[in-house]
Each structure stands twice: as structure tokens, then as C-alpha cells.
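Down below is the structure, laid out as C-alpha cells.
Read the numbers this way: they start at 1 and go in the same order the structure lists the ligands and their atoms.
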Amino acid sequence: MSAVLRLEGVRKAYGSRVVLDAIDFAVEQHEVIALIGASGSGKSTLLKVAGLLEPIDDGQIFLGEQDISDPRVDGDAVRARIGTVFQHYNLFPHLKVIDNVTLAARHVHKQPARAARARGLELLERIGLVDFADSYPDRLSGGQQQRVAIVRAIMNSPELLLFDEITSALDPELVGEVLDLVRELAADGATIVMATHEMSFAREVAHRVVFLDAGVIREQGPPEQLFGDPQQERTRTFLSRVRVID
Ligand SMILES: Nc1ncnc2c1ncn2[C@@H]1O[C@H](COP(=O)(O)OP(=O)(O)OP(=O)(O)O)[C@@H](O)[C@H]1O
Ligand SMILES: [Mg+2]
């Protein structure tokens, strides 16, 4: 079985600053991966290059069998196969909730409007927000907006979901409802790579935790190992810091 996503020797620099260095990383189907690491360690950059939102300077990235780092690829077609959710500003404020959810289905995947709406309503129903379908995003709480953004990301059955700190802009009482939805997607067999600072969530939901340190994968393993028995001094230092903040 081939990996859903595979990075080989990926290097990314902004100017003279190397942000990702010789990253080798593969994600298997149905795998849930938590990316952890200090601010500036390269988590968002890794998600951006994997989602073809930033070019790389060296190496290769494969989505399934396809080399998506080949400059000749159709970037829009590749991005249409990936569901991406960021920390904030995910929904278009001038579009109703249902139109946010169905936008790509209608315009990128060329689904008939009626079928897209039916599928969008079904997903909104599932997250308990169908009554807001014809509201504008500013009527929803941050947690509700983020759940709509997740539903939009899964609308077209993407091969891969990339989540970047999707709860970090939320008030603490709203975090749980978003994490519940991620938990459900994971249980349904989605393939997810998520940057997170919610260590307890990473421990509970991720199959594998990847610790990024200054653009390098310093250590990775199942959560019980990485959190319970980290092998690297840098990992131990990082974990002791976040535990103090926790
Ligand atoms: N567009 C950019 N131009 C220049 N430098 C950038 C750019 N984006 C990120 N960087 C730099 O790349 C490094 C990695 O940033 P990145 O956002 O990937 O870190 P991160 O691990 O996601 O951090 P955080 O936990 O704060 O979100 C940082 O030093 C950052 O300043
Ligand atoms: Mg980040």
C-alpha cells in the first residue's frame, strides 16, 4: 500500500533561513498524526508545503502516487484533493454558511448546485448546525465557525486533511466541540495531519506524534512512547515546558 502523503528530503527556506531541513515523512491511509514543536519549529510550513500552498526548495512530495512537487502539476487539481483548515479566518464572511460549505463542490468539483446543497445540509445536520445554513458566519460562535470550516474541508471527500492549530484561536469552552468533531473524523477513518498544542488531545487521538525542532523531525512515535518515554533531550525539554503551561 502506498502512502497518502510522502515527503522525501524536503527543504524549505525563507531567504537564508532554513525552515524545513531534509524532512522525510510519510502518512499512511487512516493515520492521524499530531505535529508538535515550539513556535517557529516549522509545523505550519510543513502543512503548507504538503498542501501545495508554498513551494519547496529541494526534495519531493507525493500525494498518493503523484509527485505534486513537480512544477508541471496542476496545483488547483491537487489542492482539490486535500482538505485544509487553519487557525482562523476560514469562512468567507460574505457567503452564507451553506454557500461556504458548497463553494468548492460547485465551482471546483462541478457538482450540480442541488446535489451540493443536499450533501452540505446533511453534513451541517451531522454537526448540529443545519439551522444556521442560511445565516452568515458572523452569527456563529468561533467554535461553530471552525466546525463549519471542517465540514467544508471534508465536503468533497479529500484524500488528506491538514489541520493547523484549529482550536488555538478559540475560547477554552469552545475547544471541546471542535476536538469532538476531529475525534469523529478520526474514528471514521480520515487521514489527518494536524499541528496542535493540545498535548492531551494529541495523546488521545493521534496514532503517531511527530516532534519538529528547528525544521527537523527530532523524534516521532506512538503517543504513549513520545509523551511517556521521550528519547531525545530536546523532546524532554519541550514537553516539560508545555506541561508547565498546561
Ligand atoms: N512567509 C514567511 N516568510 C518568512 N519567514 C517565514 C514565513 N512563514 C514562516 N516563516 C518563518 O519560518 C519559521 C517556521 O514558521 P512556522 O510558521 O512554520 O512555525 P510553527 O511551528 O507553525 O510556529 P507556531 O507554533 O508559532 O505556529 C519561523 O521562523 C517563521 O518566522
Ligand atoms: Mg504554526
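- Proximity to Arg17 (heavy-atom distance under 4.0 Å) selects the following atoms of ligand 1: 29 (O).
- At least one N, O or S atom of Ser44 sits under 2.8 Å from the Mg ion (ligand 2).
- For atom 9 (C) of ligand 1, the nearest protein heavy atom lies closer than 4.0 Å.
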- Message: side-chain hydrogen bond (donor to acceptor under 3.5 Å, both in side chains) for Asp164 and Ser44? Distances and angles first, verdict last.
- Response: CA-CA 6 Å; Asp164 193 2; Ser44 295; 2.6 Å; yes
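- Atoms of ligand 1 lying under 4.0 Å from at least one heavy atom of Ala38, given by number and element, are 21 (O).
- Residue-environment remark: CZ (Arg236) exceeds the threshold of 12 foreign heavy atoms within 6.0 Å.
- Residues Phe201 and Met194 approach most closely at CE2-CE, 3.5 Å, considering heavy atoms.
- Not a single heavy atom of Gly15 sits less than 4.0 Å from an atom of ligand 1.
- Ion pairing of Asp24 with Arg11 is absent here, as no side-chain N (NZ or NE/NH1/NH2) approaches a carboxylate O to less than 4.0 Å.
- Contact record, Ala190 with Leu161: CB-CD1, 4.0 Å, taken as the closest heavy-atom pair.
- The shortest N/O to N/O separation between Ser41 and ligand 1 falls below 3.5 Å.
- The shortest N or O to N or O distance between Gly42 and ligand 1 is below 3.5 Å.
- Look at Asp180 and Arg183 and you find a salt bridge, because one of the NZ, NE, NH1 or NH2 atoms lies within 4.0 Å of a carboxylate O, short of that distance.
- Residue Lys43 places at least one N or O, backbone or side chain, under 3.5 Å from an N or O of ligand 1.
- The shortest N/O to N/O separation between Gly40 and ligand 1 falls below 3.5 Å.
- Salt-bridge annotation for Asp134 and Arg117: present, with a side-chain N of the basic residue lying under 4.0 Å from a carboxylate O of the acidic one.
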